[in-house]
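Side chains included, hydrogens not; waters and symmetry mates left out as well; all remaining heavy atoms used.
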Amino acid sequence: MVGPAAAHDEWVHRRVTTPTRAFVLGLADDDGLLDAGALYDAADAAGFTATTMRLALMRLRDAGALTVDGRGRNASIRLTERGRADRSPDLAWVAAAYRLDAGLDPWDHMWHLVSFEIPETQRAARDAVRARIVDL
């Protein structure tokens, strides 16, 4: 059996698997604002380096998902409409998980099977449908 200290050490030293994009977008408040100081503190606690966060912010800015005014812990960070749209599906899944855990939205014990067939001639559409199903 592993004691609490060993379990804590294992948790602290495990490899971070949360994508930086999801991490940053998930820390924005309902108005799409991020406190840069809190972002860097949370990133450090999660095992991300400051450099990793700076690069993530640059990529998100370049992708049009957020605006960054200033530098470091004093920066003003705000999600754009695109950034809000990017995180909406993830927030809906998290909210659904909390509802299920609280017993507020019980499972109906029904499985749903989805099948589709899109011809090779419409490869882009087929790949888009497949990607959306995987996301869901």
Side-chain angles (χ1 to χ4, degrees):
M1 177 169 217
V2 176
H8 176 266
D9 289 346
E10 181 181 332
W11 180 83
V12 168
H13 293 101
R14 76 170 197 242
R15 185 171 182 269
V16 174
T17 57
T18 303
T20 54
R21 178 183 192 88
F23 187 82
V24 172
L25 295 178
L27 288 176
D29 67 15
D30 290 342
D31 294 325
L33 299 174
L34 285 102
D35 178 303
L39 169 68
Y40 281 101
D41 288 344
D44 182 54
F48 291 110
T49 66
T51 300
T52 299
M53 276 301 104
R54 281 193 298 276
L55 292 172
L57 290 172
M58 284 191 299
R59 284 192 303 272
L60 286 163
R61 182 199 61 213
D62 293 348
L66 53 80
T67 60
V68 180
D69 294 317
R71 295 176 53 120
R73 293 178 166 276
N74 295 320
S76 174
I77 306 168
R78 178 182 293 275
L79 295 185
T80 62
E81 288 303 314
R82 179 178 181 158
R84 288 175 190 234
D86 284 353
R87 78 175 184 158
S88 291
D90 293 332
L91 292 178
W93 281 112
V94 170
Y98 276 102
R99 286 193 312 272
L100 284 168
D101 289 348
L104 301 174
D105 194 8
W107 179 43
D108 63 4
H109 299 281
M110 298 289 294
W111 289 99
H112 303 274
L113 176 65
V114 176
S115 176
F116 67 94
E117 181 179 350
I118 301 174
E120 177 66 25
T121 57
Q122 297 177 356
R123 178 181 282 196
R126 183 189 66 201
D127 292 347
V129 169
R130 182 183 297 123
R132 185 66 180 135
I133 289 171
V134 168
D135 285 345
L136 292 173

Novice: Could you tell me which residues satisfy ring pair (Phe, Tyr, Trp, His ring centres under 6.0 Å) with F23, sequence neighbours excluded, listed by chain and number?
Specialist: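 Testing F23 for ring pair (Phe, Tyr, Trp, His ring centres under 6.0 Å), a comparison that skips the adjacent residues, returns F48.
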Novice: May I ask you to test the V24-I77 pair for a side-chain heavy-atom distance under 4.5 Å?
Specialist: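 Contact flag for V24/I77 side chains = no.
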Novice: State the CZ-CZ distance between R87 and R21, to the nearest 0.5 angstrom.
Specialist: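 Atom-to-atom, R87:CZ and R21:CZ are 12.5 Å apart.
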Novice: Rounded to the nearest 0.5 Å, what separation is found between the CG atom of D86 and the OG1 atom of T80?
Specialist: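 Answer for the CG-OG1 pair, D86 versus T80, is 7.5 Å.
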Novice: In a table with atom names and distances, give each donor-acceptor pair under 3.5 Å that connects a side chain of residues 123-134 to protein atoms at least two apart or in another chain.
Specialist:
residue, atom, partner, partner atom, Å
R123, NE, E120, OE2, 2.8
R123, NH2, E120, OE2, 2.3
R126, NH1, E120, OE1, 2.8
R126, NH2, E120, OE1, 3.4
D127, OD1, R130, NH1, 3.1

Novice: Would you name the heavy atoms of G72 and A36 that are closest together and state the gap between them?
Specialist: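 For G72 and A36, the tightest heavy-atom pair comes out as O-CB, 3.4 Å.
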Novice: Roughly how far apart are L27 CG and L33 CG, rounded to 0.5 Å?
Specialist: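 So the CG of L27 and the CG of L33 are separated by 13.0 Å.
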Novice: Kindly compute the distance separating CG (L34) from OH (Y40), expressed to the nearest 0.5 Å.
Specialist: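 If I round to the nearest 0.5 Å, the distance is 11.0 Å.
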Novice: When rounded to the nearest 0.5 angstrom, what distance separates CZ in R54 from OG1 in T20?
Specialist: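 Answer for the CZ-OG1 pair, R54 versus T20, is 13.5 Å.
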Novice: If you round to the nearest 0.5 Å, how far is CG of L60 from CG of L55?
Specialist: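 Going from CG on L55 over to CG on L60, the span is 11.0 Å.
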Novice: Might you point out which heavy atoms bring P106 and G103 nearest each other, and give the distance in Å?
Specialist: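 Residues P106 and G103, closest heavy atoms: CD-O, 4.0 Å.
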Novice: Enumerate the residue pairs fulfilling salt bridge (Lys or Arg N to Asp or Glu O under 4.0 Å) with a member in residues 23-47, sequence neighbours excluded, ordered by first and then second residue.
Specialist: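 As it turns out, the salt bridge (Lys or Arg N to Asp or Glu O under 4.0 Å) pairs with a partner in residues 23-47, which skip direct neighbours, are D41-R73.
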